[in-house]
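Remember, it's 1-based here, ligands and their atoms both numbered in the order they're listed.
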Amino acid sequence: MEVVIVPDAKAGGELIAEAMAALVRRKPDALLGVATGSTPLPIYEALAAKVRAGQVDASRARICQLDEYVGLPAGHPESYRAVVLREVVEPLGLSEASFMGPDGSAEDIVGACEAYDRALAEAGGVDLQLLGIGTDGHIGFNEPCSSLASRTRIKTLTEQTRVDNARFFDNDLDQVPHHVITQGIGTILDARHLVLLATGEGKAEAVAQTVEGPLSALVPASALQLHRHATVVVDEAAASKLKLADYFRHTYADKPSWQGL
Ligand code: F6R
């Protein structure tokens, strides 16, 4: 696992956007897996700026979603489909046809989950999967004690995650769905490169457990330890509980070989 410590969220966003741009230059139709939530927004802003500046042609890139709420009405502004269209697909100038995600309003949720795993495989697999991390160590919405081999499926959100996400629903906990479809940990591990961004002190404990703790279903993000190419980008605040922070600074900060540049 490569741990890259950056000064702040903006620097993290810029670094990861450049890695994505480099991938798209090498492979114009790359399948980019995106996450939602607040953390990746600086990545999307930086990548869209590169597209506008003509530094990368992303017109053939494909985008896929990590997870989706179950039961929100179609077109709800906080459905992750709507969020990804708004924050990623439109700013990159892509069409809706270049975008795939699980159907959270399907009548047959189990079938929709299986169909999504199949669709990802048929699309050739995810080239680079962006991840955020929950304060409880979740990736996607694989909450603590998720199977490390899990595939895309329906999950129940913990109370902590619903409280964390209430800010997207007028701070009204009652509006936050209880269920989601999420790529499983096994599905996430199928991606060729995993890039997790964590910023802010609130993520410091989860980051320390992910990077330096034992591999454990209690901390789903620790499954990144099993991946052959996982990169964790953290700002100083999120790095504040890492025992090996100095080692990581010396080893990775000035050597962005992981960016494929
Ligand atoms: C959402 C997702 C979640 C978030 C995590 C952190 O698609 O995959 O794992 O990344 O809940 O959310 P923020 O970035 O809002 O703190």
Trainee: Side chain to side chain donor-acceptor pair (under 3.5 Å), that's the test. Do R60 and S98 meet it? Break it down for me.
Mentor: CA-CA 8 Å; R60 291 177 55 205; S98 62; over 6 Å; no
Trainee: Do I154 and V110 touch side chain to side chain, with heavy atoms closer than 4.5 Å?
Mentor: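 Of all side-chain heavy-atom pairs linking V110 with I154, none is under 4.5 Å.
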Trainee: Quick one, R62 and M100 - any side-chain contact, counting heavy atoms below 4.5 Å?
Mentor: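 A side-chain contact is absent here, since even the closest heavy-atom pair is not under 4.5 Å.
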Trainee: Is it the case that atom NZ in K10 sees more than 12 heavy atoms from other parts of the structure closer than 6.0 Å?
Mentor: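 No - once you tally the heavy atoms of other residues, nucleotides and ligands closer than 6.0 Å, there are 12 at most.
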Trainee: Please determine if Y80 has a nitrogen or oxygen closer than 3.5 Å to a nitrogen or oxygen of ligand 1.
Mentor: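 No, no N or O pair falls under 3.5 Å.
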Trainee: What is the closest protein heavy atom to atom 5 (C) of ligand 1, and at what distance does it sit?
Mentor: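 Looking at atom 5 (C) of ligand 1, the protein heavy atom closest to it is H138 NE2, 3.4 Å.
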Trainee: Do V34 and P40 have side-chain heavy atoms sitting under 4.5 Å apart?
Mentor: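 Of all side-chain heavy-atom pairs linking P40 with V34, none is under 4.5 Å.
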Trainee: With Q183, which of N142, D190, I188 fulfils side chain to side chain contact (heavy atoms under 4.5 Å, CB included)?
Mentor: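 The passing option is I188.
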Trainee: For atom 10 (O) of ligand 1, which protein heavy atom lies nearest, and how many Å away is it?
Mentor: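 Checking every protein heavy atom, the shortest distance to atom 10 (O) of ligand 1 gives G132 CA, 3.3 Å.
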Trainee: Between I5 and A245, what is the shortest heavy-atom contact and its length?
Mentor: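 For I5 versus A245, the nearest heavy atoms are CD1-O, 3.6 Å.
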Trainee: Could you check atom 16 (O) of ligand 1 against the protein and tell me its nearest heavy-atom contact, residue, atom and distance included?
Mentor: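 The answer is K203 NZ, 2.7 Å.
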Trainee: For ligand 1, which atoms have a heavy atom of R167 less than 4.0 angstrom away?
Mentor: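 By the 4.0 Å cutoff, the relevant atoms are 13 (P), 15 (O).
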Trainee: With only distance considered, is G140 within less than 3.5 Å of ligand 1 through an N or O on each side?
Mentor: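 Among all N and O atoms of G140, at least one is under 3.5 Å from an N or O of ligand 1.
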Trainee: Quick test: of every protein heavy atom, which one is nearest to atom 8 (O) of ligand 1, and how far off is it to 0.1 Å?
Mentor: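 The protein heavy atom lying closest is D67 OD2, 3.0 Å.
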Trainee: Measure up the F169 and H76 rings against each other and bin them: parallel (under 30°), tilted (30 to 60°), perpendicular (over 60°).
Mentor: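 Tilted.
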Trainee: Quick check on contacts: which atoms of ligand 1 are under 4.0 angstrom from a heavy atom of L66?
Mentor: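 Those of ligand 1 that fall under 4.0 Å from L66 are 8 (O).
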Trainee: So which heavy atom in the protein is nearest atom 6 (C) of ligand 1, and how far is it from that ligand atom?
Mentor: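 Among all protein heavy atoms, the one nearest atom 6 (C) of ligand 1 is I133 O, 3.3 Å.
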Trainee: Among protein heavy atoms, which sits nearest to atom 1 (C) of ligand 1, and what does the distance come to when rounded to 0.1 Å?
Mentor: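 Its nearest protein heavy-atom neighbour is T36 OG1, 3.1 Å.
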Trainee: Considering only the protein, which heavy-atom contact is closest to atom 14 (O) of ligand 1, and what is its distance?
Mentor: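 Checked against all protein heavy atoms, atom 14 (O) of ligand 1 sits closest to T39 OG1, 2.4 Å.
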